[in-house]
Amino acid sequence: MTLRLYNTLTNQEEDFTPLDPTGKRVTFYSCGPTVYDYAHIGNFRSFLNADVLRRTLELVGYEVVHVMNMTDVGHMTDDDIADGAGEDKMQVAATRLLEAKKSGNLPQDASDIDPTDPYAVADFYADAFVDDARRLGLKLIHEADERPELMPRPTRYIEPMIQLVKTLIENDHAYLADDGVVYFSVQSFPAYGRLSGNSPDKIRSGEGGRVNEATQAVKKHPADFMLWKPDPSHVMKWPSPWGEGYPGWHLECSVMAMALLGAETDGVIDLHSGGEDNIFPHHECEIAQTCGATGQSHFARYWFHTRFLIVEGEKMSKSKGNFYTLRDLLAKGASPAAIRLELIKTHYRSQANFTFQGLTDSQRQIDRWSRLHDWLHKNSAAPLDEPGPLTTALPAFKAALCADLNVSGAIGTLNEAASRHDTSAQPPAATGAHTYADELRALNAMDSVLGVLDLQHQASLAQSDLDVSQIELLIARRNTARTAKDWAAADRLRDELLEMGIAIKDGPNGTTWSPVVSS
RNA sequence: GGCCGAGUACCCAAGUGGACUAAGGGGACGGAUUGCAAAUCCGUUAUUCAUGGGUUCGAAUCCCAUCUCGGCCUCCA
């Protein structure tokens, strides 16, 4: 089945075919997090969509080499290209950690880090990101346990960055300006603007309100962007032919993608993903740098961008109080599986609205799929006269994903099939050659892309963090009261559990419980 | 000012010219079940797709205009 994907480069949906002559291997680079702070759920929507794309590629039979960087070079808070004004971001992070340490608010796992060491700060947030990403089921994280090079760190690629800058100067794509900074010359690269539509003649310098007048003057064109800035005062700095300083922030992706994925293809890779804000300037500049050095017509052949997430109908911002990290949501009792589903269920090219209602919806959805999974597992030996509904629906599920990752459509086909199984009853009598194990396989194939059932299973194991014995004691006392028909006492115990954040359900096979999510 | 998206039921969200008398989930309502709830199971819930025109035998889907919302135009996923 051919995957159709929207390519930002051409502004249209295209058939996806990899560069690999055998048509099997796909090279995929994702712009990952900056590690100056905890990643928020908007970041994770982008990373999760990349994960869904990667899993879809695998479902249809490709072998994916997926790389995601973790940006640990300390950029500036007002990082306009020329000047790097403002504070060093790594310095800001360090100060934040130092203050937290003084006030005793430092997270448990950070109590022994040295906030004055920028590498330690970066490591701290990088580790936090890996933990978060693991909880949300990013497949890449598990691979990176064995192959850490799949999650490269720019600070370990400074030398090839310097090499790239040298090459660009030799090719007349870059120049050393009067302020000592090396800039890329956008006018030397006619394709500049192809990805974003912001060609040099269309760019209104300073329209975004963030450029520095003084630095614009030394550049040949206002859109020229920094490749190397000498600055001995920067927290993270390295020697270079242009003085001690730091690299331009677009450089890392070009260098690491070429080194890890494009070594045998002259720096050309199949797929590159990021958030919509990466289109310009970040990815535009990556293309210019990379192609300027390789002479190839393409850097990535397909560009995949996820739209922004808004929260409760509004742009997410700290001042509105709707800014959430994964940790914030977990603290409110949301499960990683529900968060994952909530973040992937809206088409990646639509703006998604994250809501607590949606989180509840997603959790219920997952509970139903889990119940179906358990039921199929329990009855896996039972025969079916014909291929079951999930088995029959699997091609339609794949087809939906192949239509530019129509996750909602795919979930629709799954639900339609799922509703044809009555999980509250025994499987109907049959004698055919098919079995419920086939149905289970189909469900698992679908979940290999959605990636929620394993997370849900892990979460139910992790509930042992709660005081289970206390909960079970209260439930036992309540059931004793119920047997004695002491309804008042039973209801009091139920309320008590609810106050602890535990909802209980009396089923035909006894009482079960689950944590309540609060908004 | 330039470029790019979006507006489908109470909410989330598919569908992008003909099997649409518009998927799926949540909610709500009715029924089964229950000490009462919750959960579960069954059923019902948009003659209509922001608005106004147009193209067409046929439009939620194409075109034009209008309104509304969002993003990018050198911090940002």
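The sequence lines fix the lettering, A, B, ..., with proteins before strands; numbering per chain opens at 1.
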Watson-Crick and G-U pairing of RNA chain B, under 3.5 Å, as dot-bracket with | and [ ]: ((((((((.[[[..)..(.....]]]((((((.......))))))....[[[[[..)....]]]]])))))))....
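- Checked by atom type and distance alone, the side chain of A:Asp15 never pairs as donor or acceptor with a backbone atom of A:Arg4 at under 3.5 Å.
- Remark: A:Asn49 engages A:Arg45, A:Phe304, A:Thr306, A:Tyr348 in a side-chain contact (heavy atoms from CB on, under 4.5 Å) (not counting sequence neighbours).
- With sequence neighbours left out, A:Ala489 forms a side-chain contact (heavy atoms from CB on, under 4.5 Å) with A:Ala481, A:Asp486, A:Arg492.
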Protein-to-nucleotide contact annotation, 5' to 3' order, nucleotides 13-19 of chain B [B base; S sugar-phosphate only; - none; under 4.0 Å, heavy atom]: SSS----
Nucleic acid footprint by protein, nucleotides 25-34 of chain B - heavy-atom cut-off 4.0 Å, B for base, S for sugar-phosphate alone: BSS-------
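- Side-chain contact check for A:Val67 versus A:Ile269: every heavy-atom pair is 4.5 Å or farther apart.
- The base of B:G35 sits with one of its N or O atoms less than 3.5 Å from a complementary donor or acceptor on the side chain of A:Asp491.
- Side-chain atoms of A:Arg307 stay outside donor-acceptor range of the base of B:A6, with no qualifying N/O pair under 3.5 Å.
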Please enumerate all protein N or O atoms sitting under 3.5 Å from an N or O of nucleotides 59-61 of chain B, with distances to 0.1 Å.
none

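- With sequence neighbours excluded, no residue satisfies ring pair (Phe, Tyr, Trp, His ring centres under 6.0 Å) with A:His347.
- A:His272 is linked by a side-chain hydrogen bond (donor to acceptor under 3.5 Å, both in side chains) to A:His283, A:Glu286, counting only residues two or more places apart in sequence or in another chain.
- With sequence neighbours excluded, the residues forming a side-chain contact (heavy atoms from CB on, under 4.5 Å) with A:Val235 are A:Asp88, A:Gln91, A:Pro118, listed by chain and number.
- The side-chain hydrogen bond (donor to acceptor under 3.5 Å, both in side chains) test applied to A:Asn353 returns no partner, not counting sequence neighbours.
- For A:Ser254, the side-chain hydrogen bond (donor to acceptor under 3.5 Å, both in side chains) criterion is met by A:Gln289, A:Thr290, not counting sequence neighbours.
- By the side-chain hydrogen bond (donor to acceptor under 3.5 Å, both in side chains) test, A:Ser196 pairs with A:Glu284, sequence neighbours left out.
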